[in-house]
Asks: 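To start, I am sharing the structure in question, which I have written as structure tokens.
The chains referred to below are lettered A, B, ... by the order of the sequence lines, with proteins before strands, and numbering in each begins at 1. All values reported here derive from a predicted model rather than from experimental measurement.
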Amino acid sequence: MEWKLFAHLRDAADGQSVSVDIEEDATVETALDALLASRPALAEEVLDENEELADHIRVLVNGEDPFAAADGLATAVDEETELALFPPVSGG
Amino acid sequence: MQVLGIVGHSESGKTTLVERLTQRLSGTGRVATVKHCTHPPDVDTDGKDTARHRDAGAGETVALTDDGEWYATGQSRTLDETLDALAPDYDYALVEGYSDASIPKVVLGDLEVADPVVHRAPHGAGADLDDIVTAMEERDPYITLETLVADVKRDPDEVYSGAIATFTGRVRAQEGPDDPPTELLEFERYDEVAAEKMATLRRDLEARDGVHAVRLHHKTGVVDAGEDIVFVVILAGHRGEAFRAVEDGINRLKEEVPLFKKEVTVDEEFWAHER
């Protein structure tokens, strides 16, 4: 499945779009682990001092907020899911 | 307004392609064209009077009939200013020439040009119009504040509307006199999600009592210091609803739409929220 990255996260991962391989019952969390394994420079940008996803970093699952509308990091994902990772939005 | 440049060496069929596209597109919308000239254009076949006006020092002269037909001459206008002037009233601007401009362009034959290039063809006579029109329509349109104001004035509910309130966000060069000047901002966008959020925001604002039409636009890519970035335009029955909606509109747009800003100053460049 595919991670879409934006702003300095894209720079850290050296690509707007990163494909990762996932297992049968993958979740946002395992997909994130796969992403950080394949792009270690990204970990510094998105993890806090407890090695967890930092509060200010946003994740979207097929355009929706998994923390608002689903099970957060435990939300199930599959091959077709589009995941996105980005810092706070800064338009306007 | 969609802008499309048509560029190529002479004899590559640029004017032919402009003709073909104009014929095709005037079926769907209003078309304007701009021609890049290397020599000052010669327009005074008819206008002995306007030539005298110009020789006397007039910066611009306009010859105008009661039926609304006109031509104009002037001394110092840029391509951007020309496109800004056309944007409120036209759906398409076809620009013959200007291979260095950063407008989407069709390249005929072999020519080194500035990006973005949406289509290449050997000659204007045979170039595929369907492909060209599709590629053009996929681009973000050229939008000015006046485009959006002209648009809301055409809404059927304008008859019930006594107020238009607008907000323009622009690139601020400096916070204060000692701040290193910002040269430009660059905006990235999570396309599908941003389109959805903008549509939702527009719907929410238009659903308000007394608000009749809403237009929102945020540019992407490079925006230079002093240029406009984002517009919120509200057509409403009365000023109260208009003022409230325009403020809420820009505040929500900034909170909800996945857009990302990179700042380039004289000293450095950085993404907003980059540590």
Asks: Quick check: does any side chain N or O of His8(A) sit under 3.5 Å from a backbone N or O of Phe270(B), one acting as donor and the other as acceptor?
Replies: no
Asks: Mark yes when over 12 heavy atoms from residues, nucleotides or ligands other than Glu247(B) sit less than 6.0 Å from its CD; otherwise mark no.
Replies: no
Asks: Step through the shown structure and confirm whether more than 12 heavy atoms of other residues, nucleotides or ligands are within 6.0 Å of CG on Asn50(A).
Replies: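 Enclosed: over 12 neighbouring heavy atoms sit under 6.0 Å from CG of Asn50(A).
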Asks: Do Ser90(A) side-chain atoms and Ala272(B) backbone N/O form a donor-acceptor pair below 3.5 Å?
Replies: no
Asks: Give a yes or no on whether Lys219(B) atom NZ has more than 12 heavy-atom contacts from other residues, nucleotides or ligands under 6.0 Å away.
Replies: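 Enclosed.
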Asks: Could you check whether atom CG of Asp267(B) has more than 12 heavy atoms from other residues, nucleotides or ligands sitting under 6.0 Å from it?
Replies: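 Atom CG in Asp267(B) is packed in, count exceeds 12.
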Asks: Can you establish whether the number of heavy atoms outside Tyr90(B) located under 6.0 Å from its atom OH is more than 12?
Replies: no
Asks: Report, as yes or no, whether the 6.0 Å neighbourhood of atom CD on Glu23(A) holds more than 12 heavy atoms from other residues, nucleotides or ligands.
Replies: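 Open: at most 12 neighbouring heavy atoms sit under 6.0 Å from CD of Glu23(A).
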Asks: Any side-chain heavy atom of Glu188(B) within less than 4.5 Å of one from Arg10(A)?
Replies: yes
Asks: Is the number of heavy atoms from other residues, nucleotides or ligands within 6.0 Å of CG (Asp224(B)) greater than 12?
Replies: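 Yes, because the 6.0 Å sphere around CG of Asp224(B) holds more than 12 heavy atoms from other groups.
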Asks: So do Val89(A) and Val257(B) actually touch side chain to side chain, heavy atoms under 4.5 Å?
Replies: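 No, their side chains stay 4.5 Å or more apart.
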Asks: Looking at OH of Tyr190(B) and CG of Leu85(A), how far apart are the two atoms once the value is rounded to the nearest 0.5 Å?
Replies: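 So the gap between those two atoms works out to 10.5 Å.
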Asks: Taking side chain as everything from C-beta outward and backbone as N, CA, C, O, which of these in Leu60(A) sits under 4.5 Å from a heavy atom of chain B? Side chain, backbone, both or neither.
Replies: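 The side chain, not the backbone.
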Asks: Measure Asp11(A) against the heavy atoms of chain B and call it side chain, backbone, both or neither at under 4.5 Å.
Replies: side chain
Asks: Heavy-atom distances under 4.5 Å only: say whether Arg170(B) touches chain A with side chain, backbone, both or neither.
Replies: neither
Asks: Taking all non-hydrogen atoms of both residues, which atom of Phe260(B) and which atom of Ala7(A) are closest, and how far apart?
Replies: CB-CB, 4.0 Å
Asks: Mind listing the closest non-hydrogen atom pair of His273(B) and Pro87(A) along with its distance?
Replies: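 That closest heavy-atom pairing would be CB-CB, 4.4 Å.
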Asks: Please classify the contact of Glu255(B) with chain A as side chain, backbone, both or neither, using a heavy-atom distance under 4.5 Å.
Replies: backbone
Asks: Can you confirm whether more than 12 heavy atoms, excluding those of Phe243(B), are under 6.0 Å from its CZ atom?
Replies: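 Atom CZ in Phe243(B) is not crowded, with 12 or fewer foreign heavy atoms closer than 6.0 Å.
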